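Have a look at the structure below, then the notes.
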Amino acid sequence: MTTRDEALPRSGTIDSSRIREDTEQAFACHAVLPTYQELIALEGRLRRHIRELTPVVEAQAAAMDPEWTGHAVRRSLLTRAERTLAEGPGDGLLSAAEHACALARVCRALLGHCSGAS
C-alpha cells in the first residue's frame, strides 16, 4: 500500500478539457437556464465522465493504506458519486439544472484526483 500521491494510479486517456468544459456549462445553468433537452444531454455527458473517472479513483483508494486520510477522502467521494448518479434530474427545468450542477461538482472532485489526465 502507498500513501504517496505520485505512486497512485492515473489515467492518460481521460479528456480533462472536455470534462472541464461540461462542468463549466453545468455551473452556468443558473445564470441562463438552457432547455430541458439540453440539460438532459449535458447530464448524460456528465454521467459518462463520472463513470470514466470513477475507476481511477477506486484504484487509487485500493492502493492506499485504509488508515490514511486520502483513502477516506476518496471513498467518501466515490460514495457521493454513486449517490448522485442514482438521483435523476426531476421533471422541472430548475431541478434538472440543480442536478446537472451536482453531477458537475462530482466530476470536478473526481478529476482533481486524476492529475495527469490529458
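No hydrogens, no waters, no symmetry mates; every other heavy atom, side chains included, goes into these values. Worth saying up front: this structure is predicted, and the values here are computed from it rather than measured.
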Item to check | Asp65 side chain to His71 side chain, donor-acceptor N/O pair below 3.5 angstrom | outcome: no
Checklist entry - If you round to the nearest 0.5 Å, how far is CG of Asp22 from CZ of Arg45? => result 4.5 Å
Checklist entry - What's the spacing between Glu52 CD and Ser16 OG if we round to 0.5 Å? => result 9.5 Å
Item to check | Closest approach of Ala96 to Tyr36 (non-hydrogen atoms, all atoms of both residues) | outcome: CB-CE1, 3.7 Å
Checklist outcome for this item: For Leu53 and Cys114 the tightest heavy-atom approach is CD2-SG, 3.9 Å
Checklist entry - What are the two closest heavy atoms between Leu77 and Val106, and how far apart are they? => result CD1-O, 4.5 Å
Item to check | Euclidean distance, Gln37 CD relative to Leu93 CG, rounded to 0.5 Å | outcome: 9.5 Å
Item to check | Which atom of Ala100 lies closest to which atom of Ala26, heavy atoms considered | outcome: O-CB, 3.6 Å
Checklist outcome for this item: Scanning both residues in full, the closest heavy-atom pair of Thr54 with Leu78 reads CG2-CD2, 3.6 Å
Side-chain donor-acceptor pairs under 3.5 Å in residues 79-91, sequence neighbours left out?
| unit_1 | atom_1 | unit_2 | atom_2 | d |
| --- | --- | --- | --- | --- |
| Thr79 | OG1 | Arg75 | O | 3.0 |
| Thr84 | OG1 | Arg80 | O | 2.8 |

Next on the checklist: I'd like to check the salt bridge (charged side-chain N to carboxylate O under 4.0 Å, His left out) partners of Glu24; sequence neighbours left out, ordered by chain and number.
Outcome noted: none
Next on the checklist: Going by side chain to side chain contact (heavy atoms under 4.5 Å, CB included), name the residues that satisfy it together with Glu38, two or more places apart in sequence or in a different chain.
Outcome noted: Pro34, Thr35
Checklist entry - What is the distance from atom CG of Leu33 to atom CG of Leu94, rounded to the nearest 0.5 Å? => result 6.5 Å
Item to check | Leu111 side chain reached by Ile14 side chain, heavy atoms, under 4.5 Å | outcome: yes
Item to check | Residues which pass side chain to side chain contact (heavy atoms under 4.5 Å, CB included) with Arg105, listed by chain and number, not counting sequence neighbours | outcome: Phe27, Cys101, Ala102, Arg108
Item to check | Qualifying residues under side chain to side chain contact (heavy atoms under 4.5 Å, CB included), relative to Thr69, sequence neighbours excluded | outcome: Val73
Item to check | Any residue meeting salt bridge (charged side-chain N to carboxylate O under 4.0 Å, His left out) with Arg47, in chain and number order, not counting sequence neighbours | outcome: Glu43
Checklist entry - Donor-acceptor pair, Gln60 side chain versus Arg74 backbone, under 3.5 Å? => result no
Item to check | Separation between SG of Cys107 and CD1 of Ile19, rounded to the nearest 0.5 Å | outcome: 6.5 Å
